[in-house]
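Single-structure report; data block below.
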2 protein chains.
Amino acid sequence: MEQRTIRPRIADVAREAGVSKTAVSFAFNSPDRLAPETAVRIRDVAEQLGYTPHPVARMLTQRQTLTIGVLTPQALSVIFSNPFFGAFSEGVAGAAEESGYGLHFISPLHGSLASAMSRATVDGVVAIGLSDDHPEVEQIRRAGVPIVLVDSTALPEHGSVEIDDVGGARAAAEHLIGLGHRDVLVIGVEPPAPSLAMDPDGVTSRRLRGYREAFAAVGVEIPDERVVVGPASIEGGIAALNGAWEDGVRPTAVLVMSDAMAIGAMRALRDLRLTIPGDVSVVGFDDIDLAPHVDPPLTTVHQPIRRKGAEAVRLLLAVVQRRDQANPEHLRLETRLIVRGSTGPVPGQRHEEVAGVHH
Amino acid sequence: MEQRTIRPRIADVAREAGVSKTAVSFAFNSPDRLAPETAVRIRDVAEQLGYTPHPVARMLTQRQTLTIGVLTPQALSVIFSNPFFGAFSEGVAGAAEESGYGLHFISPLHGSLASAMSRATVDGVVAIGLSDDHPEVEQIRRAGVPIVLVDSTALPEHGSVEIDDVGGARAAAEHLIGLGHRDVLVIGVEPPAPSLAMDPDGVTSRRLRGYREAFAAVGVEIPDERVVVGPASIEGGIAALNGAWEDGVRPTAVLVMSDAMAIGAMRALRDLRLTIPGDVSVVGFDDIDLAPHVDPPLTTVHQPIRRKGAEAVRLLLAVVQRRDQANPEHLRLETRLIVRGSTGPVPGQRHEEVAGVHH
DNA sequence: TATCTTCACTAAACCGGTTTGCTAAACCGG
DNA sequence: CCGGTTTAGCAAACCGGTTTAGTGAAGATA
């Protein structure tokens, strides 16, 4: 009897009110099937007993949870350290709440995304940054749970939302090229598990391709040694830049695939007594809310982060609610370069060489 | 038969393997009660059928969900726009994942926290920023769900985690006083529902008390007209400062109860062609990751945000797992002022008057 | 007056698992 | 060869609701 405040069950209400369980259920779900005064009386008894239908039991019979899952390939504690994810969640949450759905975050428990997924009670899943070598996608499909992939390798049978990574990256690189830079360092986002090979269709690869395309157009190659990766956080950016610096890399500009890392990289550069953009230019990616407010204001590739989350939920609910899995939508949102203060002409370069691209 | 890939049930596996449901259940949960080869065979059949135990059914019988809820009094879409919440979630998520728990975010659905709560399937709840006039706390207790209150009015029967709001605020104000400021504007965080009266024991009130105590000590009163509130976001800070400015308020310093709002206030000040800290000093509260990186680096009151989240989960799980509701813990974490570049002496003040506090 | 509806409510089946109590066969020592 | 213990597996009850198929009484219709 040490049980903490025993939760009344539907049978308790039924007994107390002198009716059947069915009547109690009706009183809550279809009061019109009961005499008005009976319904009121049952609800009074329920109220007085402090009865609330057990949500799990309800889920079981109604075969829906009114919850959507957000699947991340990395621990939430690392994911949340990237402000990008906060904004994305904002979009997801807004759309979910609007439709009356709750949010459940699913991340690898004890290293296993599969086991975390199999215990999650959701009607559908928005997966972000899941590379296709993750076997979880297959597992989810087999469990019959609708899924929408965001920033992942798109699969034809599932809805997907992505952005123009290649175009955005190319614009960032072209901006630097216009400023005279030929000697760059690329800082990318590392794949979820360090052991995992880089997904050739993943976000990191796509952005890298954009960078390389732009530089190739002016006959400059970005060798692999000029590409480093790290976790998408401020600390990750600091570590990545310092690591490259210690390896003797001395670029005039840094192309970073995440604003959080870019801010870290700027910190590291400043700690090396370099000025931005005087000595080194930095371009980020994402355009998080704080990008205009850091010092110097960050030049970056804008992507509609909140919208990305909201659209993903919209696509997902279309499948969940209408059971219409026929033609999953595939969305590609636009990116655009926002030039702020963290980029400038190559140091020592004569001014006229970069005329016309200067702001 | 339009059903999407029908999910196999335990009975299907049992039939296919020629055993009882019980045996299948054993094969997964207590294989030692089965002959080894039988267990293997059953698991093979399950694997081949793509069977996974239905998580909701499992929750129902095991009477636990392995999920903890994070309760917010405002829509997630607004909560997530404050970087503070991202860091807090980081702490919560880290501790939860470590113990094998998933995370479910609970926010008012269609305006009702109560209905959102009653459909959430969680073993316990971490509530943040819930003022005690929220009747939900009572509802949750009646549902028998353990709860830990964070940044709320502490109730003796539930665990709680808070910080030294008064002390932190006092330190911030004293810092300004030391720099010669006597004429300040306070920007606070508005209560969840605009209609709600300000909770006299809430975070906003506590911090305000700290500010006022410090100024009272030097004989200066902060009148109510010098206190404005808004949502805790960059935009909220911009709007709050502009609003005050339009009302003719011309302080030499601004005390802001959230870093996000402080960053917004700095933006608004700069747009008014004022320099920081030359014309106006700004002090924030929280010390979010980006505080050192904004322009100018933000002087702010540090609080251990991640630890706050982690400790809340720890307290909660102590109750959830050990069913030991006897002596809920009440934690108060320390705050400390971090002086960076957004504060300086009162403009026009002779230098020696502030000597000794200058950095 | 006999039959047909409608009304208000209920008993039982069901959702998809887990757990308890039991049985039949195999094993084991004396 | 016999009683006692283990072992391997099953049937049924249970978790806490919802839903289906009915039931008896009152009211309406012929």
Side-chain angles (χ1 to χ4, degrees), chain A residues 3 5-43 45-46 49-66 118-123 142-145, chain B residues 3 5-43 45-46 49-66 118-123 142-145:
Chain A
Q3 205 135 20
T5 336
I6 199 161
R7 191 189 227 277
R9 307 171 293 167
I10 196 171
D12 299 322
V13 179
R15 185 175 355 89
E16 198 72 13
V19 295
S20 67
K21 296 193 315 175
T22 310
V24 179
S25 180
F26 283 162
F28 281 87
N29 304 311
S30 15
D32 43 318
R33 295 193 55 177
L34 250 36
E37 62 274 15
T38 311
V40 168
R41 180 167 48 88
I42 294 178
R43 275 203 294 261
V45 172
L49 253 47
Y51 168 77
T52 310
H54 195 302
V56 175
R58 198 184 256 247
M59 278 182 182
L60 185 60
T61 56
Q62 301 194 150
R63 292 126 152 285
Q64 64 167 340
T65 63
L66 290 179
S118 70
R119 67 159 67 154
T121 54
V122 297
D123 292 339
R142 296 215 311 192
V145 179
Chain B
Q3 205 134 20
T5 336
I6 199 160
R7 193 190 224 276
R9 309 171 293 168
I10 197 172
D12 299 322
V13 178
R15 187 177 350 92
E16 198 71 13
V19 295
S20 69
K21 295 194 315 175
T22 310
V24 179
S25 180
F26 282 162
F28 281 87
N29 304 312
S30 17
D32 43 318
R33 294 194 54 178
L34 250 36
E37 63 274 15
T38 311
V40 168
R41 181 166 49 87
I42 294 178
R43 275 202 295 263
V45 172
L49 252 47
Y51 168 76
T52 309
H54 195 300
V56 175
R58 197 186 260 250
M59 277 182 182
L60 185 60
T61 57
Q62 302 194 150
R63 292 125 154 287
Q64 65 167 338
T65 63
L66 290 180
S118 70
R119 68 159 66 153
T121 54
V122 298
D123 292 338
R142 295 214 314 192
V145 180

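Note that the structure is predicted; figures quoted are calculated from it, not measured. First the proteins, then the strands, lettered A, B, ... as listed; each starts at 1.
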For D:dA11, the Watson-Crick or wobble partner whose two distances fall under 3.5 Å: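 Paired with D:dA11, as far as the under-3.5 Å criterion goes, is C:dT20.
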Assigned partner base of C:dG30, Watson-Crick or wobble definition, under 3.5 Å: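 Across any shown strand, C:dG30 pairs with D:dC1.
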Closest to side chain of A:T22, choosing from C:dT10, C:dG17, D:dC10: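 Among C:dT10, C:dG17, D:dC10, the one nearest the side chain of A:T22 is C:dT10.
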I need the [atom1]-[atom2] distance between [X] and [N], as an integer number of Å.
X	N	atom1	atom2	answer
A:R119	C:dG16	CZ	C1'	18 Å
B:M59	D:dG17	CE	C1'	16 Å
B:L66	C:dT18	CG	P	13 Å
A:I6	D:dG16	CD1	P	9 Å
A:K21	C:dA11	NZ	P	11 Å
A:R63	D:dG17	CZ	C1'	14 Å
B:I42	D:dG9	CD1	P	7 Å
A:F28	D:dT18	CZ	C1'	14 Å

Counting only side-chain N and O atoms of [X], is one of them less than 4.0 Å from OP1 or OP2 of [N]?
X	N	answer
A:R9	D:dG16	yes
A:R7	D:dG16	no
B:R58	C:dG16	no
A:S25	D:dT18	yes
B:T38	D:dG9	yes

Side chains of [X] and [Y] in contact at under 4.5 Å (non-hydrogen atoms):
X	Y	answer
A:P8	A:E16	no
B:H54	B:R7	yes
A:R142	B:T52	no
A:V24	A:V45	no
A:R41	A:V19	yes
B:I10	B:P53	no

Looking across every strand, which nucleic acid part, if any, lies under 4.0 Å from [X] by heavy atom: base, sugar-phosphate, or nothing?
X	value
A:V56	nothing
B:L60	base
B:V19	sugar-phosphate
B:Y51	sugar-phosphate

For A:I10 and B:A39, take the nucleotide of DNA chain D holding the closest heavy atom to each; which residue's nucleotide lies nearer the 5' end?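 Its nearest nucleotide lies further toward 5', so the answer is B:A39.
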Hey, which of these two, B:S20 or A:F26, hits DNA chain D nearer its 5' end, going by closest nucleotide?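 Comparing both residues, the 5'-ward one is B:S20.
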5′-ward residue of the pair B:T61/B:R33 relative to DNA chain C: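 Per heavy-atom nearest nucleotide, the more 5' residue is B:T61.
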